[in-house]
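What follows is a short report on a single structure.
Hydrogens, waters and symmetry mates are skipped; everything else that's a heavy atom, side chains included, is used.
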Amino acid sequence: MNNQQRHDGLHPLLRQPIVPYIREADFAVRKPWRVPARRLLDYLIIYIQEGECVVHVEGRDYQCKPGDFCLVQPGDLLALEGMTDTITPFAHMDIFYHPEREQSFPTRPGQIDISAFRHLLQPRLNACPGVYVPVRFVPVQPAAFRETLLKMVGLWQQRDVVSQLEAQIAASELVLMLLKEQHDLREERQHELQSLNWVTSFLSLHLAETVSVADMAQRAGLSPSRFSALFRQRFGTSPHQFLLHLRVQHAQDLLRNTTLSQSQIASYCGFADLQHFAKMFKKITGFTPGSIREQL
């Protein structure tokens with residue numbers, strides 16, 4: 001595969017150069033305040049340094065306190081409200097290169113209809129395959145992210161050529177941190193999912209036993225809630241339903257290939273009694289255990 005073929009095979013967004021461009025940056029110091037709704041053409045990154053505020057994005061409210069970071073993406077409907085005195089360093093910026101980037105601008109309060117400026121609208125990071133940055137996000141290295149953001153805002157305000165270049169470099173570092181964290185999180189999630197490869201064989205060997213979510217979570221070294229979430233992501237169902245289907249599947253094999261009684265099969269497959277076995281078997285397969293035997 002040549003370079004052109006590799007390029008053509010990329011997602012359309014990934015074919016666009018990532019060249020961050022700061023449009024406006026400041027250390028906003030305000031009394032309790034409110035900025036009416038507007039729709040963004042570019043990215044807005046905010047750090048809550050002091051005070052409390054609410055970031056309203058597409059009808060959802062994000063209660064923010066000191067130390068929080070927010071990233072509002074292009075096209076989002078945004079309103080801001082300071083509940084107390086606040087200091088909120090921020091930057092309006094592009095992430096993807098656009099030849100007309102100097103014509104774009106931070107939209108103003110009340111500017112909701114941006115249809116006339118669609119040609120200036122930045123692509124959304126969250127539209128990239130495998131990327132999802134929530135509005136209120138937690139960097140893996142919050143201190144490094146905070147210091148880079150504050151450095152970027154300070155440099156941009158100095159307005160001389162060298163400081164402007166250094167500010168753009170800092171902007172690139174912020175974007176790199178965001179995307180690298182996404183890559184690291186994907187690898188971590190994939191590792192977690194692969195760590196559940198033992199589940200099917202383990203449950204198949206313990207069908208007759210009482211196996212709780214807590215037992216399996218402990219074996220996986222995870223909390224029960226995290227284990228359940230990963231389990232559903234990996235297998236598409238809950239641990240209880242997965243185990244139930246394995247039990248019924250094994251029961252079908254025993255009904256077809258042995259002369260064991262239904263009571264014996266119910267016991268071997270971990271059902272409390274024959275009535276429970278028959279009920280679950282019919283619910284999952286649509287047949288009674290007896291009808292399976294009659295088909296032989």
Side-chain angles (χ1 to χ4, degrees), residues 20-95 106-110 122 124-126 131-159 163-164 166-185 188 223 225-226:
Y21 174 78
I22 306 166
R23 185 163 289 107
E24 181 181 327
D26 202 353
F27 297 93
V29 180
R30 292 177 279 202
K31 298 291 185 182
W33 49 277
R34 179 174 175 82
V35 178
R38 55 187 168 133
R39 200 171 292 280
L40 299 186
L41 289 170
D42 56 5
Y43 291 85
L44 174 60
I45 185 167
I46 308 169
Y47 172 59
I48 292 77
Q49 188 169 352
E50 292 186 18
E52 297 181 1
C53 63
V54 182
V55 179
H56 309 271
V57 179
E58 292 295 336
R60 182 173 176 182
D61 296 345
Y62 298 87
Q63 306 286 335
C64 298
K65 60 185 185 303
D68 285 346
F69 297 89
C70 288
L71 180 70
V72 188
Q73 301 199 29
D76 279 343
L77 184 64
L78 164 72
L80 299 167
E81 185 173 6
M83 312 307 293
T84 65
D85 293 357
T86 58
I87 300 177
T88 53
F90 71 89
H92 276 278
M93 59 187 288
D94 288 356
I95 288 180
T107 52
R108 297 308 173 196
Q122 276 279 291
R124 294 170 61 87
L125 267 181
N126 285 359
V131 175
Y132 177 74
V133 182
V135 172
R136 186 178 58 212
F137 65 95
V138 180
V140 173
Q141 296 180 302
F145 198 92
R146 179 188 67 243
E147 293 307 315
T148 303
L149 175 60
L150 297 179
K151 174 184 174 183
M152 180 188 79
V153 175
L155 287 167
W156 189 85
Q157 291 197 316
Q158 293 182 35
R159 310 309 295 166
S163 296
Q164 291 292 292
E166 289 180 330
Q168 302 298 346
I169 292 172
S172 296
E173 291 175 356
L174 286 178
V175 175
L176 179 60
M177 279 191 268
L178 274 176
L179 294 178
K180 188 174 186 302
E181 287 174 8
Q182 289 290 317
H183 180 266
D184 292 344
L185 286 172
E188 181 180 337
S223 69
S225 59
R226 181 61 180 160

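- Contact annotation: the side chain of Arg136 never approaches that of Val57 to less than 4.5 Å [non-hydrogen atoms, C-beta and beyond].
- At least one donor-acceptor pair closer than 3.5 Å links the side chain of Gln122 to the backbone N or O of Ile95.
- Residue pairs meeting the salt bridge (charged side-chain N to carboxylate O under 4.0 Å, His left out) criterion with at least one partner in residues 70-90, sequence neighbours excluded, are Lys31-Asp85, Arg34-Glu81, Asp76-Arg124.
- Under the 4.5 Å side-chain criterion, counting only non-hydrogen atoms from C-beta, Leu178 is not in contact with Val131.
- Every residue meeting the side-chain hydrogen bond (donor to acceptor under 3.5 Å, both in side chains) condition with Thr86, not counting sequence neighbours, appears here in chain and number order: Trp33.
- Partners of Gln141 by side-chain hydrogen bond (donor to acceptor under 3.5 Å, both in side chains), not counting sequence neighbours: none found.
- With sequence neighbours excluded, no residue satisfies salt bridge (charged side-chain N to carboxylate O under 4.0 Å, His left out) with Glu50.
- For the residue pair Pro109 and Pro36, the shortest heavy atom distance occurs at CB-CD, 3.7 Å.
- Side-chain atoms of Leu176 and Leu174, non-hydrogen and from C-beta on, never get closer than 4.5 Å to each other.
- Remark: Arg60 engages no residue in a salt bridge (charged side-chain N to carboxylate O under 4.0 Å, His left out) (not counting sequence neighbours).
- For the pair Leu150/Phe27, a side-chain contact is recorded, criterion being any heavy-atom separation below 4.5 Å from C-beta on.
- Side-chain atoms of Gln168 and Leu155, non-hydrogen and from C-beta on, never get closer than 4.5 Å to each other.
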Before you tell me yes or no, could you show the steps for Val55 and Leu80 under side-chain contact (heavy atoms from CB on, under 4.5 Å), namely the whole-Å CA-CA distance, both residues' side-chain angles and the distance that decides it to 0.1 Å?
CA-CA 5 Å; Val55 179; Leu80 299 167; 3.9 Å; yes
Criterion side-chain contact (heavy atoms from CB on, under 4.5 Å) on Tyr132 and Phe137, from CA distance to verdict:
CA-CA 10 Å; Tyr132 177 74; Phe137 65 95; over 6 Å; no
Scan the side chains in residues 38-49 for donor-acceptor partners under 3.5 Å anywhere in the protein, sequence neighbours excluded, and list what turns up.
unit_1 : atom_1 : unit_2 : atom_2 : d
Arg38  : NH1    : Thr107 : O      : 2.7
Arg39  : NH1    : Glu58  : OE2    : 3.1
Arg39  : NH1    : Gly75  : O      : 2.9
Asp42  : OD1    : His92  : ND1    : 3.1
Asp42  : OD2    : Arg23  : NH1    : 2.9
Tyr43  : OH     : Pro123 : O      : 2.5
Tyr43  : OH     : Leu125 : N      : 2.8

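- For Val175 against Pro20, the heavy-atom pair with the smallest separation is CG2-CG, 3.8 Å.
- Looking at Met152 and Ile169, their side chains never come closer than 4.5 Å, going by heavy atoms from C-beta outward.
- Residues satisfying the side-chain contact (heavy atoms from CB on, under 4.5 Å) criterion with Ala25, sequence neighbours excluded, are Ile22, Ala91, Val153, Trp156.
- Two residues are said to be in side-chain contact when any heavy atoms from C-beta on lie closer than 4.5 Å; Pro106 and Arg108 meet this criterion.
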Could you list the donor-acceptor pairs under 3.5 angstrom formed between side-chain atoms of residues 61-70 and any protein atom two or more places apart in sequence or on another chain?
unit_1 : atom_1 : unit_2 : atom_2 : d
Asp61  : OD1    : His56  : ND1    : 2.5
Asp68  : OD2    : Lys65  : N      : 2.9

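- Within the structure, no pair that satisfies the salt bridge (charged side-chain N to carboxylate O under 4.0 Å, His left out) test touches residues 138-147, not counting sequence neighbours.
- In this structure Thr84 satisfies the side-chain hydrogen bond (donor to acceptor under 3.5 Å, both in side chains) test with no other residue, sequence neighbours excluded.
- Taking the side-chain hydrogen bond (donor to acceptor under 3.5 Å, both in side chains) definition, one finds that Gln73 meets it with Asn126, sequence neighbours left out.
- For the residue pair Ala28 and Arg30, the shortest heavy atom distance occurs at CB-NH2, 3.6 Å.
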